[in-house]
Amino acid sequence: MKDIKPKHTGNYTCLARYDCGPLLSPPVFLQVLYRPRKTLVELDPSGEITEGSRVTLTCSTDANPPALTYYWYRREEQTQVGNTQKLVFSQIRSEDSGGYSCQAANDNGQQDSSAAFIQVVYKPKNTSADLVYRGGTVSLTCSSDANPPVESYTWFKVNQSTPVGSGQQYNISNISSEDGGQYYCEARNEHGADNSSPVSITTEGEQSPALGVVVAVLVCGVVCLLCVLLWVKKVKERERPAEQDIQDIDNLQSSGGAEGDVQYSTIQPKHLRQTAGAQGDDVQYASVHFKRTRALQSSPAQTEVDLSPVDSYMQPMVDPSVVYSTVQPRSV
(Lines give C-alpha, C1' and ligand atoms only; values in the text may rest on other atoms or scores of the structure.)
Protein backbone atom coordinates (compact mmCIF):
# COMPACT_ATOMS: atom_id res chain seq x y z
CA MET A 1 0.00 0.00 0.00
CA LYS A 2 1.50 3.28 -1.08
CA ASP A 3 0.63 6.72 0.21
CA ILE A 4 -1.46 5.35 3.04
CA LYS A 5 -4.12 7.71 4.28
CA PRO A 6 -6.55 7.82 7.20
CA LYS A 7 -9.22 6.42 4.96
CA HIS A 8 -7.23 3.17 4.84
CA THR A 9 -7.90 2.51 8.51
CA GLY A 10 -9.92 -0.68 9.06
CA ASN A 11 -9.96 -4.51 9.17
CA TYR A 12 -8.23 -6.48 6.51
CA THR A 13 -8.52 -10.23 5.65
CA CYS A 14 -7.16 -12.41 2.94
CA LEU A 15 -8.85 -15.22 1.05
CA ALA A 16 -6.92 -18.31 -0.03
CA ARG A 17 -8.36 -20.66 -2.62
CA TYR A 18 -7.49 -24.29 -2.50
CA ASP A 19 -8.59 -27.25 -4.63
CA CYS A 20 -10.79 -28.18 -1.80
CA GLY A 21 -12.21 -24.69 -1.57
CA PRO A 22 -11.45 -21.09 -0.33
CA LEU A 23 -10.15 -20.29 3.14
CA LEU A 24 -10.54 -16.84 4.77
CA SER A 25 -7.91 -15.62 7.22
CA PRO A 26 -8.72 -13.90 10.51
CA PRO A 27 -9.13 -10.09 10.18
CA VAL A 28 -6.25 -7.73 10.84
CA PHE A 29 -6.99 -4.14 11.94
CA LEU A 30 -4.97 -1.40 10.30
CA GLN A 31 -4.84 1.85 12.25
CA VAL A 32 -3.46 4.92 10.49
CA LEU A 33 -2.06 7.60 12.81
CA TYR A 34 -2.12 11.22 11.65
CA ARG A 35 -1.88 14.75 12.96
CA PRO A 36 -4.98 16.96 13.38
CA ARG A 37 -6.73 17.91 10.17
CA LYS A 38 -9.91 19.73 9.18
CA THR A 39 -9.50 21.99 12.22
CA LEU A 40 -12.13 24.72 12.46
CA VAL A 41 -13.92 27.03 14.94
CA GLU A 42 -17.60 26.51 15.71
CA LEU A 43 -19.47 29.57 17.05
CA ASP A 44 -22.49 29.38 19.35
CA PRO A 45 -24.74 31.25 18.95
CA SER A 46 -24.22 31.88 15.27
CA GLY A 47 -25.32 35.04 13.58
CA GLU A 48 -25.79 38.37 15.42
CA ILE A 49 -24.19 38.55 18.86
CA THR A 50 -25.52 41.14 21.30
CA GLU A 51 -23.32 42.69 23.95
CA GLY A 52 -23.77 40.99 27.32
CA SER A 53 -24.81 37.60 25.92
CA ARG A 54 -23.02 34.26 26.44
CA VAL A 55 -20.84 33.11 23.55
CA THR A 56 -18.98 29.78 23.17
CA LEU A 57 -16.25 29.00 20.62
CA THR A 58 -15.37 25.29 20.09
CA CYS A 59 -12.24 24.01 18.37
CA SER A 60 -13.20 21.02 16.19
CA THR A 61 -10.60 18.77 14.56
CA ASP A 62 -10.00 15.26 13.17
CA ALA A 63 -6.91 13.53 14.54
CA ASN A 64 -5.61 10.06 15.42
CA PRO A 65 -4.93 9.87 18.23
CA PRO A 66 -7.30 12.68 19.26
CA ALA A 67 -5.84 16.12 19.83
CA LEU A 68 -4.17 16.46 23.22
CA THR A 69 -3.76 20.25 23.41
CA TYR A 70 -5.70 23.25 22.16
CA TYR A 71 -4.64 26.90 22.00
CA TRP A 72 -6.73 29.96 21.17
CA TYR A 73 -5.38 33.13 19.55
CA ARG A 74 -6.86 36.52 18.86
CA ARG A 75 -5.98 37.56 15.36
CA GLU A 76 -5.66 41.31 15.96
CA GLU A 77 -3.18 40.94 18.81
CA GLN A 78 -1.56 37.57 17.98
CA THR A 79 -1.74 36.69 21.68
CA GLN A 80 -2.89 33.49 23.34
CA VAL A 81 -6.30 33.88 24.99
CA GLY A 82 -7.13 30.27 25.94
CA ASN A 83 -5.81 26.69 26.18
CA THR A 84 -8.90 24.45 26.26
CA GLN A 85 -11.05 23.03 23.50
CA LYS A 86 -13.76 25.62 24.23
CA LEU A 87 -13.40 29.38 24.68
CA VAL A 88 -16.34 30.83 26.63
CA PHE A 89 -17.43 34.47 27.05
CA SER A 90 -19.99 34.58 29.85
CA GLN A 91 -20.87 38.23 29.08
CA ILE A 92 -19.29 39.28 25.84
CA ARG A 93 -18.28 42.94 25.45
CA SER A 94 -17.88 45.16 22.44
CA GLU A 95 -14.11 45.07 23.05
CA ASP A 96 -14.20 41.30 22.42
CA SER A 97 -15.10 41.78 18.77
CA GLY A 98 -12.49 40.37 16.39
CA GLY A 99 -11.13 37.23 14.77
CA TYR A 100 -10.32 34.07 16.77
CA SER A 101 -8.46 30.94 15.66
CA CYS A 102 -7.47 27.72 17.44
CA GLN A 103 -4.59 25.28 17.17
CA ALA A 104 -5.02 21.53 17.80
CA ALA A 105 -2.03 19.23 18.36
CA ASN A 106 -1.22 15.57 19.11
CA ASP A 107 1.92 13.45 19.03
CA ASN A 108 1.97 13.45 15.24
CA GLY A 109 1.74 17.19 14.70
CA GLN A 110 -0.55 20.19 14.83
CA GLN A 111 -2.86 22.28 12.70
CA ASP A 112 -4.23 25.83 12.93
CA SER A 113 -7.81 26.69 12.07
CA SER A 114 -8.91 29.62 9.99
CA ALA A 115 -10.17 32.66 11.90
CA ALA A 116 -13.77 32.99 12.98
CA PHE A 117 -14.99 36.58 13.41
CA ILE A 118 -17.15 37.81 16.23
CA GLN A 119 -19.08 41.02 15.62
CA VAL A 120 -20.72 42.30 18.79
CA VAL A 121 -23.63 44.68 18.31
CA TYR A 122 -24.56 47.17 21.02
CA LYS A 123 -26.56 50.30 21.66
CA PRO A 124 -24.85 53.73 21.74
CA LYS A 125 -22.50 54.37 24.67
CA ASN A 126 -19.88 56.91 25.77
CA THR A 127 -22.11 59.62 24.34
CA SER A 128 -20.78 63.17 24.77
CA ALA A 129 -21.69 66.72 23.68
CA ASP A 130 -19.13 69.38 22.72
CA LEU A 131 -19.73 73.13 22.72
CA VAL A 132 -18.01 75.66 20.41
CA TYR A 133 -18.56 79.44 20.27
CA ARG A 134 -18.12 81.11 16.86
CA GLY A 135 -18.95 84.78 17.17
CA GLY A 136 -22.69 85.04 17.72
CA THR A 137 -23.26 81.37 16.85
CA VAL A 138 -23.03 78.37 19.15
CA SER A 139 -22.32 74.91 17.70
CA LEU A 140 -23.20 71.76 19.63
CA THR A 141 -21.76 68.43 18.40
CA CYS A 142 -22.81 64.97 19.60
CA SER A 143 -20.53 61.92 19.40
CA SER A 144 -21.18 58.30 20.42
CA ASP A 145 -19.86 54.74 20.06
CA ALA A 146 -22.36 52.25 18.65
CA ASN A 147 -22.62 49.12 16.49
CA PRO A 148 -24.34 49.43 14.14
CA PRO A 149 -23.66 53.17 13.90
CA VAL A 150 -26.02 55.72 15.42
CA GLU A 151 -29.16 56.18 13.33
CA SER A 152 -30.41 59.45 14.84
CA TYR A 153 -29.30 62.29 17.12
CA THR A 154 -31.80 64.41 19.07
CA TRP A 155 -31.09 67.56 21.12
CA PHE A 156 -32.92 68.53 24.32
CA LYS A 157 -32.80 71.42 26.75
CA VAL A 158 -32.78 70.49 30.44
CA ASN A 159 -36.24 70.71 32.05
CA GLN A 160 -37.92 70.61 28.64
CA SER A 161 -39.58 67.45 27.35
CA THR A 162 -39.78 68.42 23.69
CA PRO A 163 -36.66 68.31 21.47
CA VAL A 164 -35.03 71.57 20.41
CA GLY A 165 -33.14 70.13 17.44
CA SER A 166 -31.90 67.04 15.61
CA GLY A 167 -28.78 65.89 13.80
CA GLN A 168 -25.27 65.23 15.00
CA GLN A 169 -24.57 68.99 14.99
CA TYR A 170 -26.98 71.61 16.33
CA ASN A 171 -26.34 75.34 15.70
CA ILE A 172 -27.87 78.34 17.47
CA SER A 173 -27.48 81.57 15.49
CA ASN A 174 -27.92 85.09 16.88
CA ILE A 175 -27.89 83.73 20.38
CA SER A 176 -29.98 85.61 22.97
CA SER A 177 -30.60 85.37 26.69
CA GLU A 178 -33.47 82.95 26.04
CA ASP A 179 -30.99 80.45 24.58
CA GLY A 180 -28.98 80.23 27.79
CA GLY A 181 -29.18 76.99 29.76
CA GLN A 182 -28.07 73.36 29.67
CA TYR A 183 -28.34 71.10 26.63
CA TYR A 184 -27.80 67.37 26.03
CA CYS A 185 -28.07 64.98 23.09
CA GLU A 186 -29.61 61.52 22.64
CA ALA A 187 -27.95 58.98 20.32
CA ARG A 188 -30.06 56.05 19.12
CA ASN A 189 -29.75 52.90 16.99
CA GLU A 190 -31.83 49.73 16.65
CA HIS A 191 -30.50 48.33 19.95
CA GLY A 192 -31.23 51.31 22.19
CA ALA A 193 -30.31 54.89 23.09
CA ASP A 194 -27.88 56.77 25.32
CA ASN A 195 -27.81 60.39 26.58
CA SER A 196 -24.82 62.69 26.97
CA SER A 197 -24.01 64.79 30.02
CA PRO A 198 -25.44 68.34 29.76
CA VAL A 199 -23.33 71.29 28.59
CA SER A 200 -24.06 74.91 29.56
CA ILE A 201 -24.56 77.88 27.26
CA THR A 202 -23.94 81.22 29.01
CA THR A 203 -25.25 84.37 27.34
CA GLU A 204 -24.30 88.02 27.97
CA GLY A 205 -25.65 89.30 31.27
CA GLU A 206 -26.02 85.75 32.51
CA GLN A 207 -23.53 84.35 34.95
CA SER A 208 -23.18 80.67 35.58
CA PRO A 209 -23.75 79.56 39.23
CA ALA A 210 -20.29 78.06 39.45
CA LEU A 211 -18.66 81.33 38.39
CA GLY A 212 -20.69 83.28 40.94
CA VAL A 213 -19.58 80.97 43.73
CA VAL A 214 -15.94 81.34 42.72
CA VAL A 215 -16.17 85.15 42.67
CA ALA A 216 -17.88 85.24 46.07
CA VAL A 217 -15.21 83.01 47.61
CA LEU A 218 -12.43 85.18 46.18
CA VAL A 219 -14.00 88.41 47.51
CA CYS A 220 -14.48 86.93 50.98
CA GLY A 221 -10.89 85.71 50.98
CA VAL A 222 -9.52 89.15 50.07
CA VAL A 223 -11.63 90.88 52.75
CA CYS A 224 -10.48 88.40 55.42
CA LEU A 225 -6.85 88.87 54.40
CA LEU A 226 -7.12 92.67 54.66
CA CYS A 227 -8.71 92.39 58.13
CA VAL A 228 -5.90 90.15 59.34
CA LEU A 229 -3.24 92.53 57.98
CA LEU A 230 -4.85 95.56 59.68
CA TRP A 231 -5.11 93.70 62.98
CA VAL A 232 -1.45 92.66 62.85
CA LYS A 233 -0.43 96.25 62.05
CA LYS A 234 -2.33 97.63 65.07
CA VAL A 235 -0.82 95.03 67.40
CA LYS A 236 2.68 95.90 66.25
CA GLU A 237 2.02 99.66 66.71
CA ARG A 238 0.90 99.02 70.29
CA GLU A 239 3.95 96.94 71.13
CA ARG A 240 6.52 99.28 69.50
CA PRO A 241 6.61 102.08 72.26
CA ALA A 242 7.04 99.58 75.08
CA GLU A 243 9.81 97.80 73.20
CA GLN A 244 11.53 101.17 72.53
CA ASP A 245 11.43 102.11 76.24
CA ILE A 246 12.91 98.76 77.26
CA GLN A 247 15.64 99.16 74.65
CA ASP A 248 16.52 102.68 75.93
CA ILE A 249 16.77 101.40 79.51
CA ASP A 250 18.96 98.53 78.41
CA ASN A 251 21.23 100.93 76.50
CA LEU A 252 21.49 103.23 79.52
CA GLN A 253 22.31 100.37 81.88
CA SER A 254 24.88 98.92 79.52
CA SER A 255 26.55 102.34 79.10
CA GLY A 256 27.35 102.39 82.82
CA GLY A 257 28.96 98.98 82.80
CA ALA A 258 32.21 100.02 81.17
CA GLU A 259 34.04 103.02 82.50
CA GLY A 260 35.71 103.73 79.17
CA ASP A 261 32.29 104.41 77.54
CA VAL A 262 31.25 107.23 79.96
CA GLN A 263 31.41 110.94 79.08
CA TYR A 264 32.11 113.14 82.12
CA SER A 265 30.79 116.72 82.09
CA THR A 266 30.95 119.66 84.45
CA ILE A 267 27.56 121.24 84.85
CA GLN A 268 27.57 124.97 85.59
CA PRO A 269 24.23 126.64 86.14
CA LYS A 270 24.04 130.15 84.69
CA HIS A 271 21.13 131.52 86.62
CA LEU A 272 19.95 130.57 90.10
CA ARG A 273 16.85 131.69 91.83
CA GLN A 274 16.19 131.56 95.54
CA THR A 275 12.92 130.41 96.76
CA ALA A 276 11.25 132.86 99.07
CA GLY A 277 11.91 131.98 102.69
CA ALA A 278 14.50 129.36 101.88
CA GLN A 279 17.73 129.31 103.83
CA GLY A 280 21.03 127.96 102.64
CA ASP A 281 21.64 126.46 99.29
CA ASP A 282 18.75 125.67 96.98
CA VAL A 283 18.41 122.32 95.28
CA GLN A 284 17.93 122.56 91.55
CA TYR A 285 16.72 119.56 89.51
CA ALA A 286 17.81 119.06 85.97
CA SER A 287 17.23 116.35 83.40
CA VAL A 288 20.50 115.14 81.93
CA HIS A 289 20.36 112.62 79.06
CA PHE A 290 23.41 110.40 78.59
CA LYS A 291 23.87 108.51 75.39
CA ARG A 292 26.24 105.60 75.02
CA THR A 293 29.27 106.37 72.85
CA ARG A 294 32.00 104.28 71.44
CA ALA A 295 35.65 104.47 72.51
CA LEU A 296 36.76 108.00 73.16
CA GLN A 297 38.76 109.43 70.31
CA SER A 298 40.00 112.47 72.31
CA SER A 299 40.21 113.68 75.89
CA PRO A 300 36.95 114.40 77.69
CA ALA A 301 35.71 117.89 76.99
CA GLN A 302 33.80 120.08 79.31
CA THR A 303 30.20 120.46 78.35
CA GLU A 304 28.24 123.42 79.55
CA VAL A 305 24.58 122.66 80.08
CA ASP A 306 22.00 125.39 80.30
CA LEU A 307 19.85 124.47 83.25
CA SER A 308 16.49 125.93 83.68
CA PRO A 309 15.30 126.13 87.28
CA VAL A 310 12.52 123.83 88.13
CA ASP A 311 9.90 125.19 90.45
CA SER A 312 9.44 123.15 93.58
CA TYR A 313 5.76 122.92 93.10
CA MET A 314 6.03 121.14 89.75
CA GLN A 315 5.66 117.40 89.82
CA PRO A 316 8.60 115.79 87.86
CA MET A 317 7.65 113.27 85.17
CA VAL A 318 8.95 109.78 85.80
CA ASP A 319 10.92 108.63 82.76
CA PRO A 320 13.07 105.47 82.87
CA SER A 321 15.48 107.07 80.43
CA VAL A 322 16.15 110.16 82.67
CA VAL A 323 18.86 110.42 85.34
CA TYR A 324 18.28 112.96 88.04
CA SER A 325 21.37 114.77 89.51
CA THR A 326 21.87 117.11 92.45
CA VAL A 327 23.68 120.31 91.38
CA GLN A 328 25.52 122.38 94.04
CA PRO A 329 25.81 126.02 92.96
CA ARG A 330 29.13 127.74 93.63
CA SER A 331 27.70 131.11 94.54
CA VAL A 332 24.26 132.57 95.16
Side-chain angles (χ1 to χ4, degrees), residues 45-55 74-77 89-100 117-229:
S46 59
E48 187 176 89
I49 297 176
T50 306
E51 186 175 36
S53 61
R54 181 183 177 89
V55 178
R74 186 168 180 175
R75 183 175 179 179
E76 288 74 14
E77 302 172 358
F89 296 93
S90 56
Q91 289 185 333
I92 198 163
R93 306 169 302 170
S94 59
E95 295 84 357
D96 297 324
S97 297
Y100 293 84
F117 289 89
I118 296 178
Q119 194 71 277
V120 180
V121 296
Y122 51 94
K123 70 172 187 175
K125 60 181 179 178
N126 301 327
T127 306
S128 62
D130 296 323
L131 176 65
V132 177
Y133 287 93
R134 293 188 180 93
T137 302
V138 176
S139 296
L140 296 168
T141 304
C142 188
S143 59
S144 184
D145 176 25
N147 188 26
V150 175
E151 296 176 353
S152 64
Y153 294 94
T154 308
W155 290 93
F156 296 88
K157 191 173 183 179
V158 175
N159 298 328
Q160 291 185 9
S161 58
T162 58
V164 296
S166 61
Q168 188 172 7
Q169 189 171 30
Y170 173 58
N171 297 322
I172 304 176
S173 302
N174 300 323
I175 189 169
S176 63
S177 59
E178 296 179 354
D179 297 320
Q182 293 184 314
Y183 294 79
Y184 67 93
C185 67
E186 178 192 81
R188 179 179 295 274
N189 68 1
E190 59 186 273
H191 297 285
D194 184 50
N195 294 338
S196 70
S197 299
V199 293
S200 298
I201 295 179
T202 303
T203 60
E204 293 183 1
E206 181 183 0
Q207 185 176 6
S208 64
L211 182 60
V213 173
V214 172
V215 172
V217 171
L218 290 177
V219 172
C220 293
V222 172
V223 172
C224 293
L225 180 60
L226 291 176
C227 293
V228 171
L229 292 176

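When reading the values below, keep in mind they use all heavy atoms of this one structure, side chains included, and skip hydrogens, waters and symmetry mates.
D96 is linked by a salt bridge (charged side-chain N to carboxylate O under 4.0 Å, His left out) to R93, counting only residues two or more places apart in sequence or in another chain. In this structure, the salt bridge (charged side-chain N to carboxylate O under 4.0 Å, His left out) partners of E76, at least two apart in sequence or on a different chain, are R74.
For the salt bridge (charged side-chain N to carboxylate O under 4.0 Å, His left out) condition, no pair includes a residue of residues 126-150, sequence neighbours left out.
The closest side-chain donor-acceptor pair between T137 and N171, if any, does not fall under 3.5 angstrom. Between S128 and S196, the side chains place no donor N or O within less than 3.5 Å of an acceptor N or O (distance only, hydrogens not considered). Side-chain N/O atoms of T162 and K157 include no donor and acceptor closer than 3.5 Å.
Side-chain N or O atoms of N147 include none that pairs as donor or acceptor with a backbone N or O of Y122 at under 3.5 Å. Put simply, the side chain of Y153 never gets that close to the backbone of Y170: no donor and acceptor are under 3.5 Å apart.
Ring orientation note: the planes of Y184 and F156 are close to parallel, at an angle under 30° on the 30°/60° scale.
When the shell of 6.0 Å around CD of E178 is examined, it contains 12 or fewer heavy atoms from other residues, nucleotides or ligands.
Considering all non-hydrogen atoms of both residues, G192 and P124 come closest at O-CD, 3.3 Å. Here the closest non-hydrogen pair linking Y183 and I201 is CE1-CD1, 3.5 Å. Considering all non-hydrogen atoms of both residues, N189 and P149 come closest at CB-O, 3.7 Å.
For the side chain to side chain donor-acceptor pair (under 3.5 Å) test with E51, the passing option among Q91, K125, K123, H191 is K125; the others fail.
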